[in-house]
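Just follow the structure's listing: the first ligand is 1, and inside any ligand the first atom is 1. Position 1 is the first residue of the sequence, and the numbers go up from there.
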Amino acid sequence: MATIFTKIINREIPANIVFENDKVLAFKDINPQAPIHILVIPKKEIPTINDISSEDKELIGEMYLAIAEIAKNLGVDKDGYRVITNCNSFGGQEVFHLHFHILAGEPIGPMRA
Ligand code: AMP
């Protein structure tokens, strides 16, 4: 089912886009949890990690390549950053379109608050 992220892909609502290619889009999180908070999404609608299929193997690789490129472009690759994907209720997922959060710009702290 389409989510708000599909509307961002289709330019139906605005977003602060930092990266785009034919398969992947990345934009600033509207409610940042760190000085730099980017969401990296596939253009294909995949609701959760559980819905990734073997045909998506290359796409997931493309997403990680995008993450590394974005981190380099933003100058946070050397200091480092955290990549998070929440899944379903216990993971705290709110938008059911697969995404990686990139958190950067300061020490991100412990794995769990
Ligand atoms: P998650 O809880 O992992 O599903 O994360 C969803 C993220 O999407 C949250 O960090 C929200 O702040 C972010 N978000 C929701 N709507 C928008 C939007 N229109 N533009 C940018 N980020 C959004």
* To do: Just need the protein heavy atom nearest to atom 11 (C) of ligand 1, so name the residue and atom and give the distance.
  => Asp29 OD1, 3.5 Å
* Identity and separation of the nearest protein heavy atom to atom 1 (P) of ligand 1 -> His99 NE2, 3.1 Å
* ligand 1 to Ile4 polar contact by distance, N or O atoms, under 3.5 Å -> no
* Asked: Just checking, is any N or O donor in the side chain of Thr6 or Glu45 under 3.5 Å from an acceptor N or O on the other one?
  -> yes
* Nearest heavy atoms of Pro42 and His97, plus distance in Å -> O-NE2, 2.7 Å
* To do: Answer with yes or no whether Gly92 contacts ligand 1, where contact means a heavy atom under 4.0 Å from a ligand atom.
  => yes
* To do: May I ask whether Gln33 places a heavy atom under 4.0 Å from ligand 1?
  => no
* Examine distances only and state if a side-chain atom of Thr85 and a backbone atom of His99 form a donor-acceptor pair shorter than 3.5 Å. => yes
* To do: Look at atom 23 (C) of ligand 1 and find which of Ile13, Thr85, Asn88, Ile30 reaches it with the closest heavy atom.
  => Ile30
* Salt bridge present between Asp56 and Lys44 (N-O < 4.0 angstrom) -> yes
* Measure from the side-chain N and O atoms of Lys43 to the backbone N and O of Asn21, and report whether any donor-acceptor pair falls under 3.5 Å. => yes
* To do: Only heavy atoms count here, so choose which of His101, His37, Gln93 is nearest to atom 3 (O) of ligand 1.
  => His101
* Asked: Does some non-hydrogen atom of Lys7 fall short of 4.0 Å from ligand 1?
  -> no
* With heavy atoms of Phe5 as the reference, note each atom of ligand 1 found under 4.0 Å away. => 8 (O)
* Would you indicate whether the side-chain heavy atoms of Ile36 and Val76 approach each other to under 4.5 Å? => yes
* Asked: Just wondering, do Asp51 and Leu98 contact through their side chains at under 4.5 Å, heavy atoms?
  -> no
* To do: Check if Phe96 has a non-hydrogen atom at a distance under 4.0 Å from any atom of ligand 1.
  => no
